[in-house]
Trainee: 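Structure provided below as structure tokens; questions to follow.
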Amino acid sequence: MNIHTTIDSPLGRILIEGDGSAISRVSFVSEVRPGGDDEAFAETRRQFAEYFAGERTEFDLEFASAGTPFQERVWAAVAAVPYGRTRTYGEVAAEIGAPRDRIRAVGAAIGANPLLIVRPCHRVVGANGSLTGYAGGLERKHALLTLEGALQPQLELV
């Protein structure tokens, strides 16, 4: 049975889906989906609040997302990128033993990650350190990396 809740965050609304004991999808949404079950996701909500408050550096949640064996290897490598650090797509490919010509496949697997923020695909950057590809949008990727200290905050000119 798939249930959900919506969390308000500094980066917009986040939809959490799962079966109540494990989460299967985390995504940014523009509207609250009716019929949510906040109680079933109380621990998830707490951990997200701590993360956005700068009090949590990793999530301790059960996952129920399924990918291909290749995707699962890529996602495991992404999950291992420490808070406040980044890896390039090439480094992720090397970590899983994929040849250089498979970097696009690695990028596609990272793009298919159904657990945004929790499985930190926002920590994967281009070869030159540029911010590339993020299902939540590059502004959110920048904000997440800034929150984690991997990027410096941008100055706003007045």
Side-chain angles (χ1 to χ4, degrees), residues 2-67 71-72 74-89 91-92 95 106-158:
N2 199 26
I3 58 176
H4 70 276
T5 191
T6 305
I7 299 171
D8 287 323
S9 82
L11 302 179
R13 289 186 182 101
I14 299 172
L15 177 67
I16 310 291
E17 297 175 280
D19 65 6
S21 62
I23 59 174
S24 58
R25 179 164 295 283
V26 176
S27 57
F28 288 98
V29 295
S30 58
E31 297 180 12
V32 174
R33 191 191 307 171
D37 187 342
D38 294 349
E39 191 62 34
F41 294 99
E43 178 62 16
T44 303
R45 297 172 71 80
R46 183 182 68 76
Q47 289 190 32
F48 267 84
E50 291 171 353
Y51 171 80
F52 283 113
E55 300 165 356
R56 173 173 289 278
T57 60
E58 60 186 52
F59 291 90
D60 183 23
L61 300 167
E62 293 295 320
F63 306 154
S65 66
Q71 287 174 324
E72 293 291 341
V74 171
W75 295 342
V78 168
V81 179
Y83 182 93
R85 306 290 299 270
T86 60
R87 296 287 184 276
T88 66
Y89 291 92
E91 289 171 330
V92 172
E95 283 181 37
V106 168
I110 292 170
N113 171 22
L115 298 171
L116 297 183
I117 304 173
V118 175
R119 190 183 292 133
C121 56
H122 60 275
R123 296 180 189 154
V124 183
V125 298
N128 62 359
S130 62
L131 301 188
T132 59
Y134 183 62
L138 292 182
E139 288 179 2
R140 286 186 178 119
K141 182 172 187 163
H142 187 275
L144 290 166
L145 291 173
T146 301
L147 170 72
E148 294 182 2
L151 293 178
Q152 295 296 315
Q154 290 181 328
L155 293 176
E156 291 189 30
L157 300 176
V158 198

Trainee: Starting at CG of Leu138, measure out to CG of Leu145 and round the result to the nearest 0.5 Å.
Mentor: 10.5 Å
Trainee: Taking all atoms of both residues into account, what is the closest heavy-atom pair of Val106 and Val74, and its distance?
Mentor: O-CG1, 4.0 Å
Trainee: When you compare the side chain of Tyr134 with that of Ile110, does any pair of heavy atoms fall below 4.5 Å?
Mentor: no
Trainee: Report the distance from atom CG of Asp38 to atom CD1 of Ile3, rounding to the nearest 0.5 Å.
Mentor: 10.0 Å
Trainee: Please confirm whether the backbone N or O of Ala109 pairs with a side-chain atom of Trp75, one donor and one acceptor, at under 3.5 Å?
Mentor: yes
Trainee: Nearest 0.5 angstrom please: Asp8 CG to Arg13 CZ, how far?
Mentor: 5.5 Å
Trainee: With side-chain contact (heavy atoms from CB on, under 4.5 Å) as the criterion, how do Leu61 and Phe41 come out once you've worked through the C-alpha distance, each side chain's angles and the decisive distance to 0.1 Å?
Mentor: CA-CA 10 Å; Leu61 300 167; Phe41 294 99; over 6 Å; no
Trainee: Give me the atom names and distance for the closest heavy-atom approach of Ala77 to Glu95.
Mentor: CB-OE1, 4.0 Å
Trainee: Check Arg33 against Thr6 and note the closest heavy-atom contact, atom names and distance.
Mentor: N-OG1, 3.9 Å
Trainee: Under the 3.5 angstrom rule, does the side chain of Arg119 hit a backbone N or O of Ala79 as a donor-acceptor pair?
Mentor: no
Trainee: Which residue in the set Ile16, Asn2, Asp19 passes side-chain contact (heavy atoms from CB on, under 4.5 Å) when paired with Ser24?
Mentor: Asn2
Trainee: Specify whether Phe59 and Phe48 have parallel, tilted or perpendicular ring planes, treating 30° as the upper limit for parallel and 60° as the lower limit for perpendicular.
Mentor: tilted
Trainee: Taking Leu11's backbone N and O only, do any of them form a donor-acceptor pair with Arg140's side chain (distance below 3.5 Å, no angle check)?
Mentor: yes
Trainee: Show the nearest heavy-atom pair for residues Asn113 and Cys121, with the distance to one decimal.
Mentor: ND2-SG, 3.2 Å
Trainee: State the CD-CG distance between Glu17 and Asp37, to the nearest 0.5 angstrom.
Mentor: 13.0 Å
Trainee: Around atom CD of Glu139, are there more than 12 heavy atoms of other residues, nucleotides or ligands at under 6.0 Å?
Mentor: no
Trainee: Are Val124 and Val92 close enough that some pair of their side-chain heavy atoms sits under 4.5 Å apart?
Mentor: yes
Trainee: Around atom CD of Glu31, are there more than 12 heavy atoms of other residues, nucleotides or ligands at under 6.0 Å?
Mentor: no
Trainee: Could you check whether atom CD of Glu58 has more than 12 heavy atoms from other residues, nucleotides or ligands sitting under 6.0 Å from it?
Mentor: no
Trainee: Is it the case that over 12 heavy atoms from other parts of the model lie below 6.0 angstrom from the CZ atom of Arg46?
Mentor: yes
Trainee: Would you confirm whether Gln47, through its side chain, and Asp60, through its main-chain N or O, come within 3.5 Å as a donor-acceptor pair?
Mentor: yes
Trainee: Do side-chain atoms of His4 reach the backbone of Pro34 as a donor and acceptor pair under 3.5 angstrom?
Mentor: yes
Trainee: Quick one: CG on Leu15 to CD1 on Ile23, what's the gap to the nearest 0.5 Å?
Mentor: 11.0 Å
Trainee: Looking only at non-hydrogen atoms, find the nearest pair between Arg56 and Tyr83 and report the distance.
Mentor: O-CE1, 3.9 Å
Trainee: About how many Å separate CG of Leu116 and NE2 of His122, when rounded to the nearest 0.5 Å?
Mentor: 9.5 Å
Trainee: Mind listing the closest non-hydrogen atom pair of Glu62 and Ser21 along with its distance?
Mentor: CB-O, 3.4 Å
Trainee: Give a yes or no answer on whether the side chain of Arg123 reaches the backbone of Val81 with a donor-acceptor pair at less than 3.5 Å.
Mentor: yes
Trainee: What do the steps show when you test Val118 against Tyr51 for side-chain contact (heavy atoms from CB on, under 4.5 Å), and what is the final call?
Mentor: CA-CA 10 Å; Val118 175; Tyr51 171 80; over 6 Å; no
Trainee: Check step by step if side-chain contact (heavy atoms from CB on, under 4.5 Å) holds for Val125 and Leu131.
Mentor: CA-CA 5 Å; Val125 298; Leu131 301 188; 3.9 Å; yes
Trainee: Can you confirm whether Ile7 sits close enough to Phe52 that some side-chain heavy atom of one is under 4.5 Å from a side-chain heavy atom of the other?
Mentor: no
